[in-house]
Every structure is written in C-alpha cells, then in structure tokens.
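Report on the structure given below.
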Amino acid sequence: MCGIVGYVGPRDAEEFLLEGLRRLEYRGYDSAGLTTLSPSGRFHVTKTVGRIDALADALVEQPTPGNLGIGHTRWATHGIPSVANAHPHFGGDQVLALAHNGVIENYLSLKEKLLAEGYQFASSTDTEVIAHLIARYLKRLAEEGIEQESDSPYALPIAAVSKALSKLRGTYGLVIVFRDWPDMIVAARQGSPLVVGVGAGEHFVASDASPLAGYADKIVYLADHQIAIVRADKLEVTHRDSGRIEHAVHDLAIEASDVELGGFPHYMLKEIFEQPESLENVMRGRLVDEDATAKFGGLNLTPTDLRHVNRIILTACGTSWHAALVGEYLIEELARIPVEVEYASELRYRNPPVENGTLLFAITQSGETADTLAALREMKRKGHPTLAICNVVGSTIAQEATGGVYLHAGPEIGVASTKAYTSQCATLAMLALHFGRMRHLSFESGKRIIGQLRALPDVIRRTLDLNGEVRRLAGKYCHATNILYLGRQYNFPTALEGALKLKEISYIHAQGYPAAEMKHGPIALVDRETPSVFIMPQGFVYDKVMSNLEEIKARGGPVIAIAAEGDKDVARLADDVIYVPPVEEFLSPLVTIIPLQLFAYHIAVLRGCNVDRPRNLAKSVTVE
Ligand code: AGP
C-alpha cells in the first residue's frame, strides 16, 4: 500500500518525484525517500520518516540533482517506519536502487541464501531482498557473457530483473535504476498497480494516474508480468512469457485540477462537495427514457445472459461493502433477484456453493484492494461472470473483470471514501433498474425511477447547504467517546457507513446497528454520554424507528435524528434534528449519508485529526 514514482527526461527529476509522492501520499505516509542517478552513475539519495513534507524539508538540506530518479512513500508491512527501512533500497555494491509497492511472501528464505552468499542488509524489509537478488543475477549473467548474445544494450539488466522476479512469490510494483545504465528505468508489476505517463521526450512512472496530471497527457497501464524499459524518448514493454509486446496508449482522463484542493481545506471536504457532479457523471448516457431503463456499455453480457441471472453476489470491503448492502435492498426490491453481500476477505476462502446463473459484482473504488481482487479471481476461476463496479480506469480489478461499470467520479484522494460511495449506490440503483426492466418492473415504474435519479444531484446540492448547521452540531458532540448509529432497511447500511466515517477520521469509537437490534444487547451502552444518531427519513419503517428512538430516550440517551424536511414528530423527541430533502425511500441512503459525512469531517477537524491522512490507514489496501 505504498506509492512509487519514476522519471527520466530533460527535467530536474526531483521536482516531479516530490510532487508525485505528494499526490500518492494517500497510499501510505509513514516514511519516504527518493534517489536520482547522475549520468556519471552516482546515486543521490534522501530518505526520511513521516510525511512527504518531512522529505521536502530534508531535500532542501540534501538535494538530489539529476534527470533520472525514483521515489517512494511507504505504508510499512515489513519493518518499522525508519530511515533504514524507507525506500529506495540498494542492491549489491550499490549497482542498482529500487522502490517497491507490494509484499514478498518468500523473502525470508531468499534472504537467508543471500546472507550466506555475503550480501549485507541495511534494512529489515522484504524489498531489499529484491535489490540484492537482482544484483546477484546481474553479476552471474555478466560472468556468463549474456551481453554478447543480444543486440540490446539493456539485455543484461533486463535478464537480471526477469531472473530475480521469477524467484519471487508475492506482489510487486517496482521501479529500478542501474548505476551502469544511467539513462533508463525498469518498471515491473505483479499484482500491484503501475502506469507510465508518456510526455514529449520524457516518461513518468507512477502507482496510479494522479501524479501524471499536468505532466503527461498519455498513459500506459502496465499489466501483470510486464516489464517496461523506460527511457527519455522511448518506452518498450515486454511480457515475462511472450517477450516484446505492443502496448496500448490511452488519453489521460484526469487534469491537474482534479488532484488539487481547489480552495478546499481538505480533499475529503472537496470530494463531499463534488458529489452532485460525480452523480451526474455516473448517470451520464446511462438513463434511457424511451425504454425507461438504464444501459451499460461494458457488462459484456447479452440480454439473454442477463435474463438468465438468478442470483447476484456483491463482494467488497469497507465502504464499498456498505454500498453493496444498499445494492442488495435495491436489486431485490426493483429486480426481484436474490442478492448476497459478501465481505471479499471472507468470500475468497469461504468456498460457498455457487450454481450457474450467478453473477458476481466486485465493488471497489481503487480497483486494487487485494481481498476484492482475490474474491473476483476465485469466482472467475470457477467460470462465473465477474463484473467490476470501479472508479479507477485501468486498475487491476478493472483489467481482470470480465466486464463492468466505471463510476467516473474522478480521483478520490481523501482516504475516507465519500463521492465513490454515493456513485456506487447510484450505479447499483441503475443496475437494479436495468435488471428490473428485463423482468417485472413496469415502464411507468422505470420512468418514475429515472425521474428520481435525475433529480438527485440537485437534492444533494440542497443537502450540502446543511454544512454550517452540521458543523455547529459537530461542535456539540466532538468530545464524545462513543457514538451509536441506528437505521432500518435501506438506512441500516447508512448507519454502518456513518459510523465508519467517524471511526476512521476522528478515532471516536462508533457502531452502526439495525435500530431494532439495540434491545438485543447494545442498548446496554446507552447513557447520557453516548449519543445515538438515528437515520429516519419517511418510509414504511418510520414508525418502527420512532419507537426505537423512544427506547433510547427512555434511558437518557442523547439523540441526533437525520429526518426528512417537514417531520415535526421527531423534533418533539430528538435533542438535535438535521432535516434533509425528502426523496423516495430507495434513494434515501444517497441523501442521508451526506450530513453524516460532514458530521464526521467537522468532528475530526475540531479534534485536530489529519482528515485526509488518518492514522494507520491507506487509500487502497493492496495487501491481504
Ligand atoms: C473507506 O473510507 C475506506 N477508505 C475503506 O474502508 C475502503 O472503502 C476499503 O478499503 C475498500 O476500498 P476500495 O473501494 O478501493 O476497494
């Protein structure tokens, strides 16, 4: 869960490497480093513990000149955050330097062999093993005279890399520079994302597209088992098994403004306020009035295939799993197809009986979450159609799924997912409409649902006007140590998501429950210090939720209610009420979550937490 960058070209490499690491900081931020290689073959390296700001300060004292270099921002898996464990790591007698994103499972056994051969280790990382392993093969293959057998000046370093990679078990995104070949970077991937930005007479390498915005306008998505030789004016891609391959070059779909704060104090708040546009983007071109349905260009399934779907499995992690829960209610209500929601980390090993006619959707913002990728691969191995609902174009899950739907929500940089969540829920609503209209959902109902969906962005704009009110409320509750979130039916997932948002950025313990579940135990937690947030828009379980609210009030628990405008009853009981615009129940989770995103955000700010880079977390969890 780290971020890696590389640059070769006429510019001062340090400038791009540092800015690139800033943009990748959401992937890991406990230590960082970069190294450049001068044409004379001298390495300049600077590494620090902590965030990229610390590295930037250190570079003032210890600059890294040169037009070629690599960099890394870390989320420690092997070895504590320290300067010694920070990347890049050197191989052999500093014949190469590399930075790595991923985990090498068999590093200990390889390390023992290298130690026995006299290699010295400066760190306790798995990554340094790769560096020494490549250095070992560079030496051996040179002794075997491999260079004489090939006309490529890079035959030796490429052969050494291939040989070393063949010994590794695990995942990697790698950028490697060689002392004796100071005009190229080798980039290789297996299970961790890696892209190359194509510029005029320069190339950029990065873990994802965000560092490229404003630097390159073309992008190459590397796939597993591919090795790229990246030079200033040339990019060659080879595949482990099939040698040199033609690589597809795509237009870069993001601009610099997408990855800048745009006047907001934090990316999370910017992304909360981008939700009206991200919802317009996810629906654009997908709502079909003449058929009163939704259409998707990338499912790669025929209407007959879709007609024969008799079970849907939605699998995901974290916030995406909460969107899957909303999807279950939507698809079962609108399409009458049985749906199962599975934690990807459980599904990958649970081996459930899955009969034909089952469709799997892997829901993921980043497209790189290891558990979700593994669950998708497991279902694909068994021959089931595996679709992805994903935000990052060209990501691993998007590449490996048999089809899918892109969210087009734009880069989501805040670690706490917000706009991706509402876009995932909107996509699931459109899929429910699509499946429903292939079954029993009437033309009339389809029209009504399309009307509701189209009205959503403006409803969200109105809901965002509550920001000031929610900030005041956050001031009242920011000292709480435990908060309960309660909802029923469509808004049970909202309770879970609201609690997760608060937990992950303010570090306050919070728990979401189906409101009726309280009396089966959790109500014991209720006291004057433990607020309960009730998510209770109008709908067929409103009265039930109101009785649950009264049970909490009867035990002296403070109550915050998220209710629909015009609801006078709740104001008589709740201590505080946030009124959201009314929408039909099946879309209410996309509206009721907005004040909960803002509530968590303002409480975290008031508690002085780093909202965009919460402790112990990273934006995409690429290790198991
Ligand atoms: C949500 O705010 C968290 N960042 C986390 O739970 C996230 O949803 C989870 O890691 C899944 O990520 P994905 O959607 O990129 O697969």
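Counting starts at 1 for both ligands and their atoms, following the listed order. The shown structure was predicted, so the numbers you read here are calculated from the model rather than taken from an experiment.
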What I want to check is whether the side chains of [X] and [Y] have a donor and an acceptor closer together than 3.5 Å.
X      : Y      : answer
Asn467 : His602 : yes
Glu368 : Thr396 : yes
Thr77  : Asp126 : no
His78  : Tyr107 : no

Basic-acidic side-chain contact under 4.0 Å: Arg51, Glu25: no
Under a 4.0 Å N-O cut-off, is there an ion pair linking Arg488 with Glu517? no
Using distance alone, decide if ligand 1 has a nitrogen or oxygen within less than 3.5 Å of any nitrogen or oxygen in [X].
X      : result
Thr369 : yes
Thr372 : no
Val415 : yes

Intermediate values then yes/no, side-chain contact (heavy atoms from CB on, under 4.5 Å), Thr127 and Ile104: CA-CA 7 Å; Thr127 302; Ile104 304 303; over 6 Å; no
Which residue and heavy atom of the protein sit nearest atom 8 (O) of ligand 1, plus the separation: Thr319 N, 3.0 Å
What residue and atom, counting heavy atoms only, is the protein's closest point to atom 10 (O) of ligand 1, and at what distance? Val621 CG2, 3.9 Å
Do Arg615 and Tyr507 meet the cation-pi criteria used here (NZ or CZ under 6.0 Å from the six-membered ring centre, within 45° of the axis)? yes
Taking 4.0 angstrom as the limit and counting only heavy atoms of [X], give me the atoms of ligand 1 inside it, by number and element.
X      : answer
Ala416 : 2 (O)
Ser417 : 1 (C), 2 (O)
Ser366 : 13 (P), 15 (O), 16 (O)
Lys501 : 1 (C), 2 (O)
Gln365 : 13 (P), 14 (O), 15 (O), 16 (O)
Ser320 : 8 (O), 13 (P), 14 (O)

Can you tell which of Gly318, Cys317, Ser620, Ala420 gets a heavy atom nearest to atom 11 (C) of ligand 1? Cys317
If you measure from atom 3 (C) of ligand 1 to every heavy atom of Gln597, Glu504, Met268, which option wins on shortest distance? Glu504
Can you tell me which residue among Gln365, Glu412, His322, Glu271 is in a side-chain hydrogen bond (donor to acceptor under 3.5 Å, both in side chains) with Ser417? Glu412
